[in-house]
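Worth saying up front: this structure is predicted, and the values here are computed from it rather than measured. Order of the sequence lines fixes the chain letters, A, B, ..., with proteins taken first and strands second; residue numbering starts at 1 for each chain.
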Amino acid sequence: MNRLTLYNTLTRKKETFEPLHPPFTGLYVCGPTVYGDAHLGHARPAITFDIVYRYLLFSGYKVRYVRNITDVGHLENDADEGEDKVEKKARLEKLEPMELVHKYVESYHRNMEMLNVKTPSIEPFASGHIIEQIEMIKNIIERGFAYISNGSVYFDIDKYKKHYPYGKLSGRNTEDALTQTRELEGQNEKKSPNDFALWKKAAPEHIMRWTSPWSYGFPGWHIECSAMSRKYLGEVFDIHGGGMDLLFPHHECEIAQSVGSCGKEPVRYWMHNNMLTINGQKMGKSLNNFITLDALFTGTHPLLEKPYSPMTIRFYMLQGHYRNPLDFSNSALQDAEKALAKLGNAFAILQEMKWEKPDAIHDESEKRLTGFEQECTDAMNDDFNTPRVIAAMFNVTGIVNDFRNKGFKNGVSEKTFDSFKKNFIAFFTDVLGLKREITDANGDKRINEMIAAFTNAREKAKQEKDYKLADSLRNILLQFGELKDTPTGPVFKLRIN
RNA sequence: GGUCCUGUGGCCGAGGGGCUAGGCAGAGGUCUGCAAAACCUUGUACGGCGGUUCGAAUCCGCCCGGGACCUCCA
């Protein structure tokens, strides 16, 4: 049996994955705070953990995948002061907070679907779990790790540190943080600047607020993940994922909250994806280089030379390892676009290919196709190494193309071919979640007729050696898809997206 | 300043003490009305200086460069 290993941020080592209750396993990933359109930065963790989810399923696990939506409590800055992000944006857009949340959740879902990111098993909203959050805060207070101050509740880091280690995930100690922390206004409610809010008393103008034992208010930013992961995955669960930027303070606080409320370490394997840069530069609001996914797909951002399809983005991200930084540039994306087209071409050929009895078995091909599955699973088992899976796939495209071009004269055995075909298709579609964006136009009869009219007209022009007309007809067709002249006649495939 | 990551051929990116990564571009070729596409063949490499070792791109030290978090960001 192949063993999956993954890099655990908690131990800074690759570890063998052993779920608590096999074959069941729980995966929790920090989803977006929905106050704007999803951008490239949201795509990376979504795709990274989509791969984790897909591969766990592929490996036979029964996975419960929880990815939350944060729609309350995430403040404009992390000093536990400032405005709620959702509420501020709602005011700017003149919408009810719930209306704004709905709008951006829809947009997020649409983008994720385009990227072929599978829907999680559960997608809980922070605002839908206020009661669970209040209960958890009560637990923390009962166990003495939080205090009430002016209607707000804060986590008591100093007290917690007397019993449990704080900072073990992010590898930092609070003494350093203390000396580095700036003086921030409104921190007088806290005993120590390291303390963080579990519950905030709402100002009178605050719309999003709920009743609680302490005040009419709202939950702090970190507590929703602790409360919801516990509710759906239990006090201790297998994998928690998110972006590296969430390591501190968000995930560190999650651990403190869970341990503070029940004494148990909540997460067995912490996984973090690395960040993105654009043209070698950090993606930041002040730099105005945040590219929304919609802008990317339509090519409307000034930094973009052209639109890039969702599959190009997905493929590009999978060409790099999730724990390394990834730089976005026009040339890199255009390279990826071409590479994916090539791989997709081999995939399409293979999909339609049937085994034929070869004159002779070609040992080298036989060997490589037989080893293909192992290469792919070895790569995936090694901390979800998608770049190596992709390399393994490119390594066999030559063989596939050879079969197509030269037939099976130097072929492989039926058993080898069938199992290879099955595996290639499985890794392409199920594990990597790729799909071709070019398709046979077999859905709409009228469109097929129109395409046939164009291709037939071009063939006629070619026969009459009216190449000028033939080329202009081809140019028209190329605007809508892919046209290939094959020995058996032209084949047109419509582009979707 | 603190904590951590990283430096691979023209470019992007895996690997990680001796065993071909892969892609894009470049060069040559097949096909073709031409072109494109597709396909085939093919260089160039591990930031610098020391050390460990029979052997280092891979381990260790120092130096130089890039980045992340510590402030809103996925």
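Closest approach to the A:Met244 side chain among B:rA68, B:rA21, B:rC70 is made by B:rA68 (side chain taken as heavy atoms from C-beta onward).
Nucleotide B:rG61 is matched to B:rC49 when pairs are restricted to Watson-Crick or G-U wobble geometry with both distances under 3.5 angstrom. Across all strands shown, B:rC4 forms a Watson-Crick or G-U wobble pair with B:rG67, both key distances being under 3.5 Å.
Only the P atoms considered, B:rG47 is 13 Å distant from B:rG10, to the nearest whole Å. B:rG51 and B:rA14: their P atoms are spaced 32 Å apart (whole Å). To the nearest whole angstrom, the two C1' atoms, one in B:rG23 and one in B:rU8, are 15 Å apart. B:rG7 and B:rC59: their P atoms are spaced 10 Å apart (whole Å). Comparing the P positions of B:rG17 and B:rG13 gives an interatomic distance of 22 Å, to the nearest angstrom. Separating the P atom of B:rC40 from that of B:rC64 is a span of 47 Å, rounded to the nearest Å.
The base of B:rG33 sits with one of its N or O atoms less than 3.5 Å from a complementary donor or acceptor on the side chain of A:Asp471.
Within 6.0 Å of atom NZ in A:Lys354, 12 or fewer heavy atoms from other residues, nucleotides or ligands are found, so the atom counts as exposed in its surroundings.
Residue contacts for A:Ala391: at a heavy-atom cut-off of 4.0 Å it reaches a base atom on one of the strands shown. Backbone-only contact: A:Arg404 has heavy atoms under 4.0 Å from sugar-phosphate atoms and none from a base.
A cation-pi arrangement is present between A:Arg323 and A:Tyr7, with the terminal nitrogen or guanidinium carbon under 6.0 Å from the aromatic centre and inside a 45° cone about the axis.
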